[in-house]
Amino acid sequence: MFQLIELRNNVGIIPSVFKLEQGRAIKEILNTKLANKVLYPHGLCIALHDILHIGDSFSFPGDAGSYTSVLFRYIVFRPFEEEVLLGRVRRSSPEGLWVTLGFFEDVFIPEVYLQAPHKFDTEENCWVWEYEDGGETHNLYMDEREEVRFRVVKVEFRDVAKKKGEAEEEQLPMKIIGTISEPGLGLLSWWKEDNI
């Protein structure tokens, strides 16, 4: 789920942060530049782990800042395919279920990856698993904020250059596609054992 990647970057240090120790200034600049951003093809940047090497600094004529080549490791979020994760139902639409992990909200479970048989309840605006047990059908609702266990099918990356007329979902730089169509997956309340 979380990975450590090694990156190299030329970090520009503006004169207003010259008063800081160089390593601290570089850490602040890298976290400001990368934290909470999607870096293709690595994933969602979380935080700087450590700096491995700080190169020589140089400056350009007419520019008061300095530039330093830095080799560092960064923590990124990118789940692998087949990984099982826990989240909460964020919202439902006729196309599928949107899930949040708390720090990442772009998890989508398409209608074809829901437990079958299922239906979309337009009055409740949520999906319903029509669970059959011994000839009886039980409607199990997938309400907002319910905990859900899902398996990652794939992670999609997209260039998010702003284009007029695109829907919000089409502008996501990183989207996780999940499934709950297997035993043990879905809302946690479906699979709780009775306390004896």
Side-chain angles (χ1 to χ4, degrees), residues 1-5 31 34-47 74-160 162 165-196:
M1 177 181 341
F2 293 99
Q3 301 173 10
L4 200 56
I5 61 169
N31 274 325
L34 295 173
N36 207 26
K37 307 253 183 351
V38 172
L39 185 63
Y40 176 82
H42 304 291
L44 178 68
C45 294
I46 304 296
Y74 217 86
I75 301 167
V76 296
F77 167 72
R78 181 182 180 173
F80 54 87
E81 292 181 10
E82 305 297 322
E83 184 173 2
V84 176
L85 300 174
L86 289 174
R88 289 193 180 273
V89 175
R90 184 167 62 109
R91 67 180 172 93
S92 297
S93 71
E95 292 78 34
L97 203 61
W98 286 94
V99 175
T100 179
L101 300 175
F103 64 94
F104 185 79
E105 296 197 339
D106 301 327
V107 179
F108 182 62
I109 302 171
E111 181 264 337
V112 295
Y113 289 138
L114 298 175
Q115 291 277 9
H118 56 263
K119 67 179 179 182
F120 186 72
D121 186 329
T122 54
E123 288 181 18
E124 296 286 332
N125 196 36
C126 69
W127 284 95
V128 180
W129 178 22
E130 299 174 309
Y131 176 70
E132 296 176 10
D133 180 29
E136 289 185 45
T137 300
H138 304 277
N139 289 336
L140 302 176
Y141 288 84
M142 300 178 210
D143 293 322
E144 287 184 17
R145 295 183 297 281
E146 287 283 336
E147 282 190 299
V148 61
R149 179 182 297 120
F150 65 94
R151 183 177 53 79
V152 175
V153 174
K154 66 181 172 177
V155 179
E156 296 178 346
F157 289 93
R158 178 177 304 229
D159 181 11
V160 292
K162 297 290 184 193
E166 279 192 297
E168 176 186 339
E169 290 82 21
E170 295 171 354
Q171 295 180 6
L172 301 174
M174 178 179 158
K175 180 167 70 170
I176 298 170
I177 305 297
T179 181
I180 61 169
S181 64
E182 300 166 8
L185 300 181
L187 270 57
L188 296 187
S189 60
W190 298 346
W191 305 108
K192 288 186 179 174
E193 295 180 23
D194 292 333
N195 294 329
I196 299 177

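In what follows, every heavy atom counts, from backbone to side chain, and hydrogens, waters and symmetry copies are set aside. In this text the structure is predicted, and so the values were computed from the model without any measurement.
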Check [X] against [Y] and note the closest heavy-atom contact, atom names and distance.
| X | Y | value |
| --- | --- | --- |
| G178 | P110 | O-CD, 3.7 Å |
| P79 | L85 | CB-CD1, 4.0 Å |
| Y74 | A35 | OH-N, 3.3 Å |

Donor-acceptor contact present, side-chain [X] to main-chain [Y], <3.5 Å:
| X | Y | value |
| --- | --- | --- |
| R78 | P41 | yes |
| R149 | G184 | yes |
| E83 | F80 | yes |

pair [X]-[Y]: side-chain heavy atoms closer than 4.5 Å:
| X | Y | answer |
| --- | --- | --- |
| N139 | E130 | yes |
| W190 | M142 | yes |
| R90 | V99 | no |
| V148 | L86 | no |
| D143 | V89 | no |

Q: Could you check I75 against L4 for side chain to side chain contact (heavy atoms under 4.5 Å, CB included), going step by step and ending with a plain yes or no?
A: CA-CA 5 Å; I75 301 167; L4 200 56; 3.8 Å; yes
Q | Pairs flagged by side-chain hydrogen bond (donor to acceptor under 3.5 Å, both in side chains) wherever residues 112-129 is involved - sequence neighbours left out | A |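 Non-adjacent pairs meeting side-chain hydrogen bond (donor to acceptor under 3.5 Å, both in side chains): E111-H118.
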Q.
Applying side chain to side chain contact (heavy atoms under 4.5 Å, CB included) to L97 and F150, what does each step give before you reach the verdict?
A. CA-CA 11 Å; L97 203 61; F150 65 94; over 6 Å; no
To the nearest 0.5 Å, what is the distance between [atom1] ([X]) and [atom2] ([Y])?
| X | Y | atom1 | atom2 | result |
| --- | --- | --- | --- | --- |
| L187 | L140 | CG | CG | 8.5 Å |
| L44 | F103 | CG | CZ | 7.0 Å |
| L39 | M174 | CG | CE | 11.0 Å |
| N31 | N36 | CG | CG | 11.0 Å |
| D106 | L172 | CG | CG | 4.0 Å |
| I176 | K154 | CD1 | NZ | 13.0 Å |

Q) Using 30° and 60° as the class limits, which term best fits the ring planes of W98 and F108: parallel, tilted or perpendicular? A) tilted
Q: Could you tell me which residues satisfy salt bridge (charged side-chain N to carboxylate O under 4.0 Å, His left out) with E136, sequence neighbours excluded, listed by chain and number?
A: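 Per chain and number, E136 pairs via salt bridge (charged side-chain N to carboxylate O under 4.0 Å, His left out) with no residue.
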**Q.** Carboxylate-amine/guanidinium proximity below 4.0 Å for R151 and E82
**A.**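 Answer for the salt bridge query: yes.
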